[in-house]
Amino acid sequence: MPDSDAAETPDDELTDPSVADRARHVLSENGTGMLQDLLFALVWVGLASSLYNVAFSTAPQWVLYMFMLAGIPAYFGFFISLEIAKEQSAR
């Protein structure tokens, strides 16, 4: 009776992609979207932090958290409107 917990054979190692191969594959498929997400996050956090430090410098800490939390609907609103604009320009 074969042991189901047996170590993988060397043939299995050749068919499984390495971590680097999987990372390249994910980046090739989603690289642009990941870059857009990162840029949006950096801009939003920078804007919210600046706004909190300059315009609302005497406000409590929870105001900063609300600015950061507002980034969630802003993110989806921005990218949904971007998709709508792309569809309308394609017509």
Side-chain angles (χ1 to χ4, degrees):
M1 181 168 166
D3 187 7
S4 62
D5 293 330
E8 294 181 0
T9 62
D11 292 337
D12 290 341
E13 292 175 4
L14 296 176
T15 59
D16 289 338
S18 69
V19 173
D21 290 336
R22 288 184 294 193
R24 269 191 229 94
H25 178 70
V26 167
L27 285 174
S28 69
E29 288 185 352
N30 304 313
T32 304
M34 292 168 66
L35 182 62
Q36 290 173 346
D37 293 348
L38 176 64
L39 288 176
F40 183 88
L42 291 174
V43 168
W44 186 264
V45 169
L47 179 69
S49 297
S50 299
L51 188 62
Y52 176 72
N53 290 331
V54 175
F56 297 97
S57 58
T58 59
Q61 185 76 28
W62 62 265
V63 173
L64 175 63
Y65 298 145
M66 291 297 111
F67 284 147
M68 296 296 175
L69 193 60
I72 297 169
Y75 169 85
F76 287 106
F78 176 75
F79 283 105
I80 289 171
S81 66
L82 187 62
E83 287 296 319
I84 292 170
K86 285 181 184 178
E87 288 175 7
Q88 288 179 354
S89 68
R91 290 182 193 173

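Separating the CZ atom in F78 from the CH2 atom in W44 is a distance of 11.5 Å, to the nearest 0.5 Å. In this structure, I84 CD1 and F79 CZ are separated by 13.5 Å, a value rounded to the nearest 0.5 Å.
No chain of hydrophobic side-chain contacts below 4.5 Å, direct or via other Ile, Leu, Val, Met, Phe, Trp or Tyr residues, connects L42 to L51. Hydrophobic clustering, with ILVMFWY side chains joined whenever heavy atoms are under 4.5 angstrom apart, groups I72 together with V63. L47 and V45 are not part of a single hydrophobic cluster, where members link through side-chain heavy atoms under 4.5 Å apart. In the hydrophobic clustering of ILVMFWY residues, with side-chain heavy atoms under 4.5 Å counting as a link, L38 and V43 come out apart. One hydrophobic cluster holds both F76 and M66 under the rule that ILVMFWY side chains link at heavy-atom gaps under 4.5 Å.
The shortest side-chain heavy-atom distance between R24 and L27 does not fall under the 4.5 Å cut-off. Between Y75 and D37 the shortest side-chain heavy-atom distance falls below 4.5 Å. Between L82 and K86, some side-chain heavy-atom pair lies under the 4.5 Å cut-off. Put simply, the side chain of H25 does not reach to within 4.5 Å of the side chain of D21, judged on heavy atoms.
Y52 and F67 have their aromatic ring centers separated by at least 6.0 angstrom.
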Start with the C-alpha gap between R22 and V26, add the side-chain angles, then the distance that decides, and say whether side chain to side chain contact (heavy atoms under 4.5 Å, CB included) holds. CA-CA 6 Å; R22 288 184 294 193; V26 167; 5.5 Å; no
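In terms of modelled atom types and a separation under 3.5 Å, the side chain of N53 and the main chain of S49 share a donor-acceptor contact.
Atom OH of Y65 is surrounded by 12 or fewer heavy atoms from other residues, nucleotides or ligands within 6.0 Å.
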